[in-house]
Amino acid sequence: MTAPGALNVGFVGLGTMGSHMAANLVHAGFSVAVHNRTRDKEARHAALGARRAASPAEAADGADVIVTMVSDTPDVEGVLFGSRGVCEHAAEGSVVVDMSTISPAAARDFATRLGATGVQFADAPVSGGSEGAEQAALTVMVGAAPETFDVIRPVLQAMGSKITHLGPVGSGQLAKAVNQVIVGGFYLAVAEGIALAAASGLDTDLLLEAIGAGACRSWVLEHRAQNMINGSFPLGFRLALHLKDERIALETAQGLDLDLPLSALVASIEERLTQEGFGDEDVSALARFASRRSGA
Ligand code: NAP
């Protein structure tokens, strides 16, 4: 396996997730160049020993592996192919690993366009939230050619604890879409259960202790039910980003002639909450909707 010191890594996107992930790459001993659109977010990483890059192109300069972790499909496209984008300086033989959650079709398109310049591509979206990012304990779902996966594996291992190569480019995003469909259902189900418990006057501490040991035990119940009870929804994972992911899943399903009724319901509630100004809250703000009295 390649030693961390032997690989130069460019990292673009120091948001909630990317900030921790890039820091973990520095801690693991990689030589890291960081870039963020809002440049002052790079200061923390510079203090840890990373080099600051003035653009995505500069972050890609001399990098063996370039990681992107931005919001949505058009943002990844801009970072890769826009002015001062990664594409301008990425060397032939280098690998772009997009860890954002975007559409599987876009991932395949980006792979083709980068491939035309001799740059390899992998999609490697993650699950595990900001806690997982901070603790280098992310679940990473990878779509890549086998030889590309071999190159990026040590980089991914510095950010995650469960790295799975699911197949060719696009497979990681498909797996993430499945993950988001299931997670969305969990959030809405826990929100509804909590609404029922609160309205019926149950002791919610005792309730969580009881049901948390039974069949409905889940990450959402364990980590977000108490916030739902408290009616406060600190990030976490922004509801507007989860809505983006549900739309990716619904669009992918439509292309396969498949209905996803639960996802359609979660997306419609998230759309409404976003319109009401709650899109920047955690996904657990679905509890705002579930706790409304009928007719509200
Ligand atoms: P975030 O906190 O909103 O950060 C977004 C990052 O992308 C920021 O660094 C932002 O730069 C940058 N960015 C956005 N649009 C850009 C553009 N057009 N050009 C250049 N940079 C741009 O998001 P996050 O929570 O870290 O999520 C990042 C990705 O991971 C998303 O695809 C999300 O769905 C996925 N994800 C998130 C979680 C989670 O729990 N948060 C979990 C799993 C997966 P600025 O600082 O300048 O705004």
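Both ligands and their constituent atoms are indexed starting at 1 by order of listing. If you're wondering where the values come from, they're calculated on a predicted model, not measured in any experiment.
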query: With no hydrogens and no angle check, do the side chains of N230 and S232 hold a donor and an acceptor under 3.5 Å apart?
result: no
Go through ligand 1 atom by atom and flag the ones less than 4.0 Å from a non-hydrogen atom of [X].
| X | value |
| --- | --- |
| K41 | 45 (P), 46 (O) |
| T38 | 45 (P), 46 (O), 47 (O) |
| T101 | 32 (O), 34 (O), 35 (C), 44 (C) |
| D75 | 15 (N), 16 (C), 17 (C), 18 (N) |
| K244 | 31 (C), 32 (O), 33 (C), 34 (O) |
| S100 | 32 (O) |
| V126 | 43 (C), 44 (C) |

Answer yes or no: does an N/O atom from [X] fall short of 3.5 Å to an N/O atom of ligand 1?
| X | answer |
| --- | --- |
| D72 | no |
| S71 | yes |
| L241 | no |
| G13 | no |

task: Only heavy atoms count here, so choose which of A240, G82, G15, G129 is nearest to atom 40 (O) of ligand 1.
output: G129
field: Selection from M17, K176, M69 by shortest heavy-atom distance to atom 30 (O) of ligand 1
entry: M69
message: Less than 4.0 Å is my threshold; does some heavy atom of H242 fall inside it relative to ligand 1?
response: no
- prompt: Would G78 count as a contact of ligand 1 if the rule is a heavy atom under 4.0 Å away?
  reply: no
task: Answer with side chain, backbone, both or neither: which part of T16 has a heavy atom less than 4.0 angstrom from an atom of ligand 1?
output: both
- request: Check L235 against ligand 1 and report side chain, backbone, both or neither, counting heavy atoms closer than 4.0 Å.
  value: neither
task: Quick one: look up the protein heavy atom nearest atom 38 (C) of ligand 1 and list residue, atom name and how far away it is.
output: F237 CD1, 3.3 Å
